[in-house]
Amino acid sequence: MPKPTINEETCIGCGSCESVCPAVFKMIDGKAKVIDDADFDASQECIKESIEACPVDAINAE
Ligand code: F3S
């Protein structure tokens, strides 16, 4: 699975992605960041859940 991206313009800092998938997403200064050296393949299920959980569709993993 490719590294997900966060649209920081769109992210409202709700924190759902970090709650659902803390191995990949981390809140820094009120915005979600992707942990660069996370294992995206191992976390693909929770990445997908985060994409669905994000209220503003700020996460992309195409
Ligand atoms: Fe931001 Fe969406 Fe995560 S609003 S904090 S990218 S769930």
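These numbers come from a predicted model, not from an experiment. Every number for a ligand or one of its atoms is a count from 1 in the order of the listing.
Remark: ligand 1 atoms within the under-4.0 Å shell around heavy atoms of S16 are 7 (S). The atoms of ligand 1 that sit less than 4.0 Å from any heavy atom of C17 are 3 (Fe), 5 (S), 6 (S), 7 (S). With ligand atoms numbered from 1 in the order given, ligand 1 contributes 4 (S) to contacts under 4.0 Å with heavy atoms of V56. For ligand 1 and G13, the ligand atoms under 4.0 Å from any heavy atom of the residue are 1 (Fe), 4 (S), 5 (S). Shown in contact with I12 at under 4.0 Å from a heavy atom are these atoms of ligand 1, numbered in order with element: 4 (S). Heavy-atom contacts of G15 reach the following atoms of ligand 1: 5 (S) (cutoff under 4.0 Å). Ligand-side atoms of ligand 1 in range of C54: 2 (Fe), 4 (S), 6 (S), 7 (S), range being under 4.0 angstrom from any heavy atom.
For the pair D36 and K3, the minimum side-chain heavy-atom distance is below 4.5 Å.
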Exercise for the section: Would you check, one step at a time, whether the test disulfide bond (SG atoms under 2.5 Å apart) holds for C21 with C46? Expected result: CA-CA 5 Å; C21 200; C46 76; 1.9 Å; yes
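Proximity of a side-chain donor or acceptor of E18 to a complementary backbone N or O of K26 within less than 3.5 Å is not detected.
Among the backbone and side-chain atoms of C14, none of the N, O or S atoms lies under 2.8 Å from atom 3 (Fe) of ligand 1.
Summary of contacts: the protein heavy atom closest to atom 1 (Fe) of ligand 1 is C11 SG, 2.3 Å.
Checked against F25 for a side-chain contact (heavy atoms from CB on, under 4.5 Å), the options I35, V20, I59 give a single hit: I59.
Contact detail for A23 and S43: the closest heavy-atom pair is CB-OG, 4.0 Å.
Here the straight-line distance linking atom NZ of K31 with atom OG1 of T10 works out to 8.0 Å at 0.5 Å rounding. The CD atom of E49 sits 11.5 Å away from the CD atom of Q44 when rounded to the nearest 0.5 Å. Between the CD atom in E8 and the CD1 atom in I28 there is a gap of 9.5 Å [rounded to 0.5 Å].
Here T10 has no heavy atoms under 4.0 Å from ligand 1, in either its backbone or its side chain. When non-hydrogen atoms are compared, ligand 1 lies under 4.0 Å from the side chain of M27 (C-beta onward) but not from its backbone.
Not a single heavy atom of A53 sits less than 4.0 Å from an atom of ligand 1.
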